[in-house]
Amino acid sequence: MTLANQQLASAKPFLKWAGGKTQLLDELGKRLPANIIEKGVIDRYIEPFVGGGAMFFYLKGRFEVKEAFLYDINPELVLGYKTIQKSPQKLISRLKELEDEYLSKAEQQRQEMFYSIRSSYNSQAETFNYKKYSAAWVDRVAYMIFLNKTCYNGLFRQNSKGGFNVPFGRYKNPSICGAENILAVSHALKNTRIELGDFIKSAAHIEAGTLVYLDPPYRPISTTSSFTSYAKDGFDDDDQRRLAKYFREMDEKKAFLMLSNSDPKNENPSDDFFEQLYAGYRIDRALASRMINCDAKKRGHIYELIITNY
């Protein structure tokens, strides 16, 4: 295996992401279109909600993906992907500085460093230029990764004003830099277009034979849970209906569509919200682990939906 192929095979999400698909990848992989599995080639791949990118990296490590388009509505996430694509070595250097400084400190000083960086990160957002690449991108993405690796439960969450609001996590020896993975991610992002925007924006590049994987913010499976706080605007039932309309429109283009979501029947066996939205399509249920929950007793196995048009 060449170094390039080794990097593609080893690339994995550079952030821990609420609703990440790492533990569902085998189930998703088994349900790919037969012609893609047989040929090992994906001519065009589109992911309208890239999030942590677990499915993208999974496919890049196993198939020849000729071109890819990744979209997300979260500007911080898009900034991260673009910076790793453009300047992986500069980002690694900055992360190594932060890692060395953090690990040299006692817990109280680590906590002070965490909250100082969190404050700087949040206050910077109002005036930050997300459109024009500059050295400031490297610093901001380094801060985002640092906060993700050192915060409580290791997740990215924003409040209604868009501020990162996860508290300090007491990890003894967190891996903050992850140089090898950043290089692998940068390599995987070759021939990839990364765009900020609503999922509808991706429709312009979808045509017959395009593989589209849809991983929207999950519909909460109970009144006390929510997977929608990955961006300040959330994703409600009306958005789920917009997505189902988009799904049908892309189906008419003869694209290969795969969508995952939470299964409401985990909590309410009579809730047929998705059965109604995706009537006429294949709806499978797969076991997945609910890993991100502040209450350890509520972490366990649940069913998730995998919906395809083929």
Side-chain angles (χ1 to χ4, degrees), residues 3 6-7 10-18 20 22 51-54 57 74-130 133-159 161-189 229-230 291-294 296 299:
L3 177 59
Q6 285 178 338
Q7 285 185 316
S10 66
K12 59 183 184 294
F14 62 94
L15 293 174
K16 186 175 180 181
W17 201 252
T22 300
F57 297 122
N74 189 311
E76 306 299 345
L77 191 59
V78 170
L79 196 78
Y81 279 104
K82 287 187 173 182
T83 300
I84 291 176
Q85 187 183 52
K86 291 173 181 287
S87 303
Q89 292 289 359
K90 290 180 180 178
L91 179 60
I92 288 168
S93 295
R94 187 69 183 98
L95 282 169
K96 192 69 173 66
E97 291 174 1
L98 291 171
E99 182 177 85
D100 288 346
E101 181 183 356
Y102 185 80
L103 294 180
S104 70
K105 296 178 180 293
E107 184 173 304
Q108 182 60 37
Q109 286 70 45
R110 287 184 178 188
Q111 186 168 338
E112 291 170 1
M113 179 179 175
F114 173 87
Y115 284 112
S116 174
I117 287 177
R118 195 181 79 167
S119 177
S120 297
Y121 180 79
N122 286 339
S123 62
Q124 183 189 56
E126 292 182 10
T127 58
F128 193 81
N129 189 338
Y130 291 89
Y133 179 78
S134 69
W137 283 29
V138 173
D139 278 341
R140 185 156 184 82
V141 174
Y143 279 176
M144 176 175 68
I145 293 174
F146 169 85
L147 291 169
N148 184 249
K149 302 293 185 181
T150 58
C151 72
Y152 178 75
N153 221 7
L155 63 110
F156 186 95
R157 187 184 66 203
Q158 293 173 293
N159 59 25
K161 296 180 180 179
F164 182 86
N165 65 350
V166 186
F168 175 67
R170 302 178 186 277
Y171 302 110
K172 289 186 177 180
N173 192 32
S175 175
I176 295 168
C177 181
E180 287 187 11
N181 189 55
I182 287 175
L183 291 174
V185 168
S186 184
H187 185 69
L189 290 171
S229 55
Y230 87 122
M291 297 302 294
I292 297 179
N293 194 305
C294 59
R299 297 174 191 167

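Positions are given from 1, in the same order as the sequence printed here.
At a threshold of 4.5 Å between non-hydrogen side-chain atoms, the residues Met113 and Thr150 do not count as touching. For the pair Phe164 and Asn148, the minimum side-chain heavy-atom distance is 4.5 Å or more. Residues Tyr152 and Phe168 fail the side-chain proximity criterion, which asks for heavy atoms closer than 4.5 Å. Using a 4.5 Å heavy-atom threshold, the side chains of Pro13 and Phe57 count as touching. Side-chain contact between Pro167 and Phe114 is absent, with no heavy atoms from C-beta onward closer than 4.5 Å. Counting heavy atoms from C-beta outward, Glu97 and Glu101 have side chains that stay 4.5 Å or more apart.
No close placement of the Tyr143 and Tyr121 rings is indicated, their centers lying 6.0 Å or farther apart. Annotation: Phe14 is in aromatic contact with Tyr81 [ring centroid separation under 6.0 Å]. In this structure, the ring of Tyr102 has its center less than 6.0 angstrom from the ring center of Phe146.
In this structure, Arg170 contributes its side chain and Cys151 its backbone to no donor-acceptor pair below 3.5 Å. With hydrogens and angles disregarded, a donor-acceptor distance shorter than 3.5 Å links the side chain of Lys16 to the backbone of Asn153. Here the side chain of Glu99 pairs a donor or acceptor atom with the backbone of Cys177 at under 3.5 angstrom. Judged by distance alone, with hydrogens and angles left aside, the side-chain atoms of Gln158 form no donor-acceptor pair with the main-chain N or O of Gly163 at under 3.5 Å. With hydrogens and angles ignored, the 3.5 Å screen pairs no side-chain donor or acceptor of Thr83 with any backbone N or O of Gly80. Between the Thr22 side chain and the Ala54 main chain, no donor and acceptor come within less than 3.5 Å of each other. Side chain of Ser120 to backbone of Ser116: a donor-acceptor contact under 3.5 angstrom is found.
From Ile84, atom CD1 reaches atom CD1 of Ile92 across 9.0 Å, with rounding to the nearest 0.5 Å. Rounded to the nearest 0.5 Å, atoms CD (Gln124) and OG1 (Thr127) are 6.5 Å apart. A distance of 9.5 Å separates OG of Ser186 from CD1 of Ile182, quoted to the nearest 0.5 Å. Rounding to the nearest 0.5 angstrom, the gap separating the CG atom in Leu103 from the CD1 atom in Ile176 is 5.5 Å. Note that OG of Ser10 and CG of Leu183 are 9.5 Å apart. Values are rounded to the nearest 0.5 Å.
Scanning both residues, Val166 and Arg118, for their nearest heavy atoms gives O-NH1, 3.0 Å. In terms of heavy-atom proximity, Ala142 sits nearest to Leu91 at N-CD1, 3.6 Å. Leu77 and Gly51 get closest at one heavy-atom pair: CD2-O, 3.2 Å. Summarising the geometry of Arg94 relative to Asp139, their closest heavy-atom pair is NE-OD1, 2.8 Å, with the distance given to 0.1 Å. Heavy atoms only, all atoms of each residue included: Asn165 and Arg157 are closest at OD1-NE, 3.0 Å. The two residues Gln85 and Leu189 have their closest heavy-atom pair at NE2-O, 2.9 Å.
Of the listed residues (Leu79, Leu95, Leu15), just one forms a side chain to side chain contact (heavy atoms under 4.5 Å, CB included) with Val141, and that residue is Leu79.
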Could you go step by step and tell me if Tyr133 and Ser87 meet the side chain to side chain donor-acceptor pair (under 3.5 Å) rule?
CA-CA 10 Å; Tyr133 179 78; Ser87 303; 2.2 Å; yes
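Applying the salt bridge (Lys or Arg N to Asp or Glu O under 4.0 Å) definition to pairs two or more places apart or across chains, those involving residues 75-90 are Glu76-Arg140.
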